[in-house]
Amino acid sequence: MTLPKFVVTMDGHFRLGMVSQHKDLLRPGDQCIGGGYYRFDYTANRLLLDRESFDFGRPRWHLLDVLKVPSAYRGMQIVYSYDDHYHDDFRVSEELKIEYYD
């Protein structure tokens, strides 16, 4: 079964997609520093990230200075919450510099 999952790599790449396992989002040579699940809040124009990857754990945001995000998500606020409560969250798009790529 595929689910909406994301991973973050050591070089800052943010990848997401409908996959069976988080490792399916990685490319050869990638070093994963965590992952989780995502959903879209279209009303608030936010990409909501939560939980953790069974294999890679929670994203270790503190290891990054720049997050490289696909340009399709330009303009969306990216929010990570471990416990599914977005009132006390880590606003990725405010804490890290975001670079967009195609």
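The aromatic rings of Tyr80 and Phe6 sit perpendicular to each other, their planes meeting at more than 60°, with 30° as the lower class boundary. Classified by interplanar angle (parallel below 30°, tilted 30° to 60°, perpendicular above 60°), the ring pair Tyr38/Phe40 is perpendicular.
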Determine, step by step, whether Gln21 and Phe54 satisfy the side-chain contact (heavy atoms from CB on, under 4.5 Å) criterion, reporting the C-alpha distance in whole Å, the side-chain angles of both residues, the deciding distance to 0.1 Å, and the verdict.
CA-CA 9 Å; Gln21 298 183 338; Phe54 180 76; over 6 Å; no

Please test Trp61 against Leu67 for side-chain contact (heavy atoms from CB on, under 4.5 Å), starting from the C-alpha separation and ending with a verdict.
CA-CA 9 Å; Trp61 304 110; Leu67 186 65; 4.1 Å; yes

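With sequence neighbours left out, Asp30 forms a salt bridge (charged side-chain N to carboxylate O under 4.0 Å, His left out) with Arg15. For the salt bridge (charged side-chain N to carboxylate O under 4.0 Å, His left out) test, residues two or more places apart in sequence or in another chain that qualify with Glu99 are Lys97. Not counting sequence neighbours, the partners of Asp11 by the side chain to side chain contact (heavy atoms under 4.5 Å, CB included) test are Thr9, His13. For Gln77, the side chain to side chain contact (heavy atoms under 4.5 Å, CB included) test picks out Arg46, Val79, Arg91, Ser93, Glu94, with sequence neighbours left out. Shown here are the side chain to side chain contact (heavy atoms under 4.5 Å, CB included) partners of Ser71, two or more places apart in sequence or in another chain: Arg74, Tyr100, Asp102.
Here Val66 is tied to no hydrophobic group at all, with no ILVMFWY side chain closer than 4.5 Å.
By the criterion of side-chain heavy atoms lying less than 4.5 angstrom apart, applied directly or through intervening Ile, Leu, Val, Met, Phe, Trp or Tyr residues, Ile33 is grouped together with Ile78 in one hydrophobic cluster. Both Val69 and Met10 are assigned to one and the same hydrophobic cluster, defined by single-linkage of ILVMFWY side chains at heavy-atom distances under 4.5 Å.
Shown here for Tyr82 and Arg58, the closest heavy-atom pair between the two residues is CE2-NH2, 2.9 Å.
With hydrogens and angles disregarded, no donor-acceptor distance shorter than 3.5 Å links the side chain of Asp55 to the backbone of His22.
Leu3 CG to Arg39 CZ: the interatomic distance, rounded to the nearest 0.5 Å, is 14.5 Å.
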